[in-house]
> 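Sharing a structure with you now.
A, B, ... follow the sequence lines: proteins, then strands. Residue 1 opens every chain.
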Amino acid sequence: MSWKIGEVLPVIKQNVVDLIPEEELIDKLKRKDEIIVKYGADPSRPDLHLGHYVCLKKLRDLQDIGFKIIFIVGDFTAMIGDPTGRSKTRPRLTEEEVRENSKTYFEQVFRVLDREKTVVRYNSEWLAKLTAKDVIEIASTYTVARMLERDDFAKRYRENIPISIHEFLYPIFQGYDSYAVKADIEVGGTDQVFNFLVAREIQKHFGQEPQVILTVPLLEGTDGKLKMSKSYDNYIGLTEDPKEIYGKVMSIPDTLILKYFRLVLYYTDEQLKKIEEHIKNDPRGAKAKLAYEIVKLLYSEKEAKEAEEHFNRVFRERKIPENIPEYAVPVEGKNIIEIVYEAGLVSSKSEARRLISQKAIKINGEPVTNIEAKVKPDGEKIIKVGKRKFLKVVSKNGS
RNA sequence: GGAGGGGUACCCAAGCGGCCAAAGGGGCCAGACUGUAAAUCUGGUGGCUCAGCCUUCGCAGGUUCGAAUCCUGCCCCCUCCA
């Protein structure tokens, strides 16, 4: 196979921040029939979100060009915990946790990648076999001073926040992964540049041609400030309920709308111009379109429509949604606090009391004022907690 | 190994014998408002059989009528010296 550089390069470079160094990539394309692309995933967080999607989409592009994608599950390195961007040492995972987490992983990954064309490897395959002697050799390729160039390490060191020795091993082992799979290209978020550069050193140390680094932008989460991450609780999960996805997209700040269109939906510059115009005239409408398109991307047109209708109904028109979970109450009635607590709408009974005092719990639109209030399953009764939680009261014996 | 500083709620951080379920900020939740789960304003934010009670200030003991605050031991972190 030979590559038509003029055709392939623009695809590779779309939505990419760094391509280091581009000349090496062109050189590889000229010389090599098989281009190996490495992507490493940390199974400590099995729920993938839109931030991962940006990366996976890039991998899919490369896969479609004909590059070979090697998907590395960092089951071994997960026991260290990636210190990237962290202000404190991560808790290390046990082997069982890692195994458990990787299970749910692929179902999500292969919504984007072609399962048939993706090679999956676990880095314990080679890392677990290393001897202490091997580790010393690998570790000797990098110095403490260079490790401390990494801005998160530098920051922690400057601020007297602990850094464990094993955290220095993370970039090194990740680099060794690149050597183990003979990576030509490694793809990841911009926060991975340091690790990817270490990999180049390690490959060179072992006499291998260094990989080319390709980074995609980090997507800010729903808070609009921090990168999307489960630990910041600002993420939109790929397998979340369509209604949740739609709602979460609607909650991003307006300033992020355009970026989402570009990075998640891959809109062209021309299309983006139109969106820009749309945002100016009707920001809410532009965001609604974004939410719709993202649900459509992850599910289908049908779910997107349903999610949109649900959102408009519940939040714009303030009506009750169509499908509400039911809760059975005995005919003699039951205390309102117990109902919302047992139905899982609040995390404690104290919280329920607080919400009642804030007029946040309503029955058929009427705020509950009495803590002692009993709810009987007569007639149509809908309990609403806050803005988005609903419960339909039904009789315990079924009626 | 020596000397000093420190561990407080989801996070940061005050408090240093009773008025401490613990200031302040962030986050989160709610109410009002609206363009929406945006922005802004206001309130709330350990639990419970809730005018009271129970559990929480690194862990385990102790002093005291009373401890986040004082004492002892242990664990952990940081700085400087070696």
> Toward the 5' end of RNA chain B, which comes first, A/Ala360 or A/Ser251, by nearest nucleotide?
A/Ala360
> Nearest whole angstrom, please: distance from the C1' of B/U36 to the CG of A/Leu256.
15 Å
> Any donor-acceptor pair under 3.5 Å joining the side chain of A/Gln358 to the base of B/G31?
no
> Any strand is fair game: report the nucleotide pairing with B/C70 by Watson-Crick or G-U wobble, both distances under 3.5 Å, or none.
B/G62
> Looking at every strand, decide which applies to A/Ser348 at a 4.0 Å heavy-atom threshold: base, sugar-phosphate, or nothing.
sugar-phosphate
> In this structure, how many angstroms lie between the P atom of B/G31 and the CD1 atom of A/Ile356, rounded?
13 Å
> Does A/Arg111 make a cation-pi contact with A/Tyr299, if we ask for NZ or CZ under 6.0 Å from the ring centre and within 45° of the axis?
yes
> Across all strands shown, which nucleotide pairs with B/A32 by Watson-Crick or G-U wobble geometry, both distances under 3.5 Å?
B/U40
> On RNA chain B, does the nearest nucleotide to A/Asp254 precede the nearest nucleotide to A/Lys349 from the 5' side, or the other way round? Give the residue.
A/Asp254
> With ring centroids as reference points, do A/Phe71 and A/Phe106 lie under 6.0 angstrom apart?
yes
> Which pair of heavy atoms, one from A/Asp18 and one from A/Val16, lies closest together, and at what distance?
O-CG1, 3.2 Å
> Taking N and O atoms by type only, does the side chain of A/Asp282 place a donor or acceptor under 3.5 Å from a partner on the base of B/G35?
no
> Is A/Lys243 touching bases, backbone alone, or none of the nucleic acid, heavy atoms closer than 4.0 Å?
base
> Less than 4.0 angstrom between a side-chain N/O of A/Arg354 and OP1 or OP2 of B/G47, yes or no?
yes
> Treat primed atoms plus P, OP1 and OP2 as sugar-phosphate and everything else as base, then score nucleotides 22-27 of chain B 5' to 3': B for base contact with protein heavy atoms under 4.0 Å, S for sugar-phosphate contact only, - for none.
------
> Identify which nucleotide among B/G31, B/C48, B/C29 has an atom closest to any side-chain atom of A/Lys387, counting heavy atoms from C-beta outward.
B/G31
> What distance do A/Phe315 atom CZ and A/Ser251 atom OG have between them, rounded to the nearest 0.5 Å?
10.0 Å
> Check every strand shown and say whether A/Arg388 touches a base, only sugar-phosphate, or nothing at a heavy-atom separation below 4.0 Å.
base
> I'd like to know if the side chain of A/Tyr176 pairs up with that of A/Asp134 as donor and acceptor (distance under 3.5 Å, no hydrogens or angles considered).
no
> Need one value for A/Glu159: base, sugar-phosphate or nothing, where a base atom within 4.0 Å counts as base even if backbone is also close, heavy atoms only.
nothing
> Is the positively charged end of A/Lys248 above the ring of A/Tyr235, judged by distance under 6.0 angstrom from the centroid and angle within 45° of the axis?
yes
> Where the side chain of A/Pro283 is defined as all heavy atoms beyond and including C-beta, which of B/C78, B/G35, B/A30 is the nearest nucleotide?
B/G35
> Report the base-pairing partner of B/G1 (Watson-Crick or G-U wobble, both distances below 3.5 angstrom), or none.
B/C81
> Could you check which nucleotide pairs with B/U45 in any of the strands shown, counting Watson-Crick or G-U wobble with both distances under 3.5 Å?
B/G27
> With distance as the sole criterion, is a donor-acceptor pair present between the side chains of A/Tyr292 and A/Glu301 under 3.5 Å?
yes
> Could A/Glu322 and A/Lys243 be called an ion pair, given the rule that one side-chain N must be under 4.0 Å from one carboxylate O?
no
> Just call it for A/Gly247: base, sugar-phosphate, or nothing, with non-hydrogen atoms closer than 4.0 Å on any strand.
base
> Which listed nucleotide (B/C78, B/G44, B/A37) is nearest to the side chain of A/Asn160?
B/C78
